[in-house]
Amino acid sequence: MIGNWLDIGPVDQITPGNARTLPVMGGEEIAIFRTLGGEFHALVNKCPHKHGPLSQGIVHGGVVTCPLHNWNISLKTGEALGEDKGCVPVIPLKVDAGRIFLLRSAVMGQMAA
Amino acid sequence: MELQGGGGPELDLAEDLTLAADDRREHLVVVGNGMAGCRAVEELLARDGARYRVTIFGAEPHVNYNRIMLSPVLAGEKAFDDIIINDRAWYADNGIDLIVDDPVMAIDRAAKIVTSKAGRVVGYDRLLIATGSDPFIIPVPGKDLPGVISFRDMKDVDAMLAAAEAGKADGGGHAVVIGGGLLGLEAAHGLTLRGMKVTVIHLMPTLMERQLDEAAGWLLKTALEGRGQTILTGADTAEIYGEGKVEGVRLKDGRDIPASLVVMAVGIRPSVALAREAGLDVGRGIKVDDHMVTSDPHVLAVGECVEHDGNVYGLVAPLWDMCRSLADGLTDRHSGYRGSVTSTKLKVAGLDVFSAGDFSGGDGCEDIVLRDAARGVYKRVVVKEGRIIGAVLYGDTGDGGWYFDLLKREEDVSDIRDFLIFGQSYASGGGQADPKAAVAALSDDAEICGCNGVSKGQVVASIQGGACTLDALRAGCKASASCGSCTGLVETLLAITLGDEYSGERATRTMCKCTSFGHDDVRREIVAQGMKSIPEVMHRLHWSTPDGCASCRPALNYYLLCSWPGEYQDDQRSRFVNERLHANIQKDGTYSVVPRMWGGLTNPRELRAIADVVEKYDAPMVKVTGGQRLDIFGIKKEDLPAVWADLNAAGMVSGHAYGKSLRTVKTCVGSEWCRFGTQDSTGLGVKAERMSWGSWMPHKFKIAVSGCPRNCAEATIKDFGIVCVDSGYELHVGGNGGIHVRVTDLLCKVATEREALDYCGAFIQLYREEARYLERTAPWIDRVGVDYVKQRVVEDQVGREALLRRFLYSQSFSQDDPWAERVAGAHAELHQHIAEVRPMEIA
């Protein structure tokens, strides 16, 4: 089971309302978010619109606003909200014993992409 | 089927019989098509729409209209159609037989039938008497003369309008209103607006003595006299005289007032003649039990015509209570009416008046009184044994509902006694009023709409049931559907209940979808309530989202920062990325870095450091900006602290090219070098930049200083532009070279460099304190007008000095180089990756 999950480190590396980045060599960089409500989410760090780095956006509720053109992206589904259309891949994430884990196959899937 | 007055009775009877044969339901016959009768039927239908067959008799030729609203019709503010409560479609849709213009004349309780004036004979299983009240006509000679009327129905309004029209020929005509109660004063007000010269004759020494105490009555009298009415108190009518029609009124003291119209409005009496003749138990009104049943179990009565537990009521609120109990009884729920505590909130001639409970005073009663003569406000709360037993408000009735709520609930007010008179928001510790908090704090049974007897709980339930606009609420639960004085309350309930789904119907734009407050409201409340964090603002101003959005978070962060310099802890998470990383994000996700070059000046050391950074970090481009500095492109976020460290080492600090803050101060070379230069524009520019750098503002802010009117520094398209002339400095404001080019307005001309800098600081602070977030100086000045800015910055010397002081105080906390802080290790996590994934680890 553990083999399927990639240990990213302790949860306190990300403070509420912030995001950190996880570069994947040969793949897409991943953004890991911690909402003000304390939930963790991971998305490919690329807005579906013009590939803005979502990790740098303002986090509010379960949404991040892209810093380039203010698209609102759902952290749960990766989908653009409101009038905008588009979707960014979600990386399955779990928190276990105070550590953040990402689904290894999904991280690797970003490499294939 | 619609039955109009004038239709032959035989035909109607035949139809009734047919219907009766088809319809086996119990037949409820309602005598009285007014507010009580129809409301009772509405309440009944709401509980069980199919149980009874309903027939309503009305004496007037109209559908049910809002009698309270006759005053606005008289005053010309509303048309009759506007005050209809139930239109014909309502009767038809609910299968109600409406018989108008045909009063019921007799009840045969043994045979269970009623007989109308036109001869209709209709059988009933249950009879509801809702005959309301009759105007009281004082028994003086001449009371029956043509031109003497009451003020009770549409017919009276029509007579008043006709008299006013006829009076126009001889300069308006004279009217006498007998009775200085609510009804009389409303009539007087309407007639005054219609151009008549009005005299009010009131027997008692105080107007509206049943609702107002002497002080409030006096204020009201003075205000009405100020509107041209003649008010005679302590005046007793001896006779109404005239040959064939009314010509005037004579008082017992001999005074004589000519009049072509006399409105008798001294009071009302329960209309009980029909019930008395039918042998029902009648006291002052028709006696009913808690379920509104009369002495005959098949006959009910409701409204102003009844006497319950020794009380008769002449206001609408008790009537609604009665109708609820009545409908409960008719559908076997038997809640029971327990009597009503009444309050009166009204507008008399546009003046706000409120009273509730007992304010006669007496043993053990304490009066708390507030008078504000300048505002024409009088408030009096009567407290007995720690509880409010009465209240009288004049001029400002905003807290009437709160007092009434406390009164009804018999709440112990000892703890807030000292603040009670200042109203709910103050007594609740809110300082300056937050109108939403006050409404949110009302209990569910607090009355919102007095006209239609709708409580807060009912309004909220209606909203939750899908009535999401003011119009929908007016159509549904009828809140705010009559006089409209509760519209603000109802809108607030919409905003509180719906949150961001309620866009509001008011003109002010809300800050964002998370709140129904506008920018200015939020700023005012931040200061007034002393709110010092974003969560606190969101909580106290009822934000509809848990932690705001990308629009309101940066705005709130700025407003708090501006309001509480040195105190407020900046929230990085509410900063747009550029302000968080102190660099400008580019389309590829890298950043550009602009070090400050004071006044556009630089030197070999700085240039060398920049050149080194470009090579060391492989920056693909360096560009000279429009603001006279150098922009290094293509820096990765992880490299930013190192880049800054190198630039800091050469003495350079952040240029804030990324911030809603002071950007550049552009200068020309001025008198030091230029053959046309009149002053040291470069030196002044450097001083201006040293003074104002690092300050956060509603939006970016650019300054320029030109050394002569040739204006090489383009000062007249900057937020603050200084153009040097021989005799001093012209100060310009509000310029913009963006999408909409706007040339500056001339603020003023000053003689010295010191003044130029002081005015600059004061102007910046005014902009910081009053412009909305993301509003550049150009649209701000378009909005408030340059005259306003001149008044604040130029004409008001004391104000200007205070603005400058506040700016410099604020600057004492903001002139730390953010780059140096990051170089020293602050917020390192913003620049570093959490980890890296390499193929070997994945495999």
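Every chain is numbered from 1 and lettered A, B, ... according to where its sequence line falls, protein lines coming before strand lines. Just so you know, these numbers come straight off a predicted model, no measurement behind them.
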* To do: Identify the two heavy atoms, one from B:R580 and one from A:G57, that lie closest to each other, and give their separation to 0.1 Å.
  => NH2-O, 3.7 Å

* Asked: Rounded to the nearest 0.5 Å, how far apart are CD of A:Q56 and OH of B:Y591?
  -> 3.5 Å

* Contacting moiety of B:Q572, where chain A heavy atoms sit under 4.5 Å -> neither

* To do: To the nearest 0.5 Å, tell me how far B:H833 NE2 sits from A:I32 CD1.
  => 11.5 Å

* Go through B:R553 and A:I58 one step at a time and tell me if the side-chain contact (heavy atoms from CB on, under 4.5 Å) criterion holds. => CA-CA 9 Å; B:R553 291 191 67 90; A:I58 292 178; 4.2 Å; yes

* To do: Give a yes or no on whether B:K636 atom NZ has more than 12 heavy-atom contacts from other residues, nucleotides or ligands under 6.0 Å away.
  => no

* Flag yes if more than 12 heavy atoms outside B:Q569 fall under 6.0 Å of its CD atom; otherwise flag no. => no

* **Contact class of A:L68 relative to chain B, heavy atoms under 4.5 angstrom** => side chain

* To do: Identify which of A:G37, A:G52, A:P16 forms the greatest number of heavy-atom pairs closer than 4.5 Å to chain B.
  => A:P16

* Whether B:R573 side chain and A:N18 backbone form a donor-acceptor pair below 3.5 Å -> no

* Report yes if the side chains of A:H60 and B:C514 come closer than 4.5 Å at any heavy-atom pair, otherwise no. => no

* Structure fact -> Value for CG (A:N70) from OG (B:S551), rounded to nearest 0.5 Å, stands at 7.0 Å

* To do: Find the one option among A:T65, A:T21, A:T15 whose heavy-atom pairs under 4.5 Å with chain B are most numerous.
  => A:T21

* Of all of B:N578, B:I585, B:I834, B:L581, which one pairs up most often with chain A through heavy atoms under 4.5 Å apart? -> B:I834

* Structure fact -> Nearest heavy-atom approach of B:E829 to A:R20 is O-NE, 3.2 Å

* To do: Would you mind checking which part of A:P53 comes under 4.5 Å of any heavy atom in chain B, side chain (CB onward), backbone (N, CA, C, O), both or neither?
  => side chain

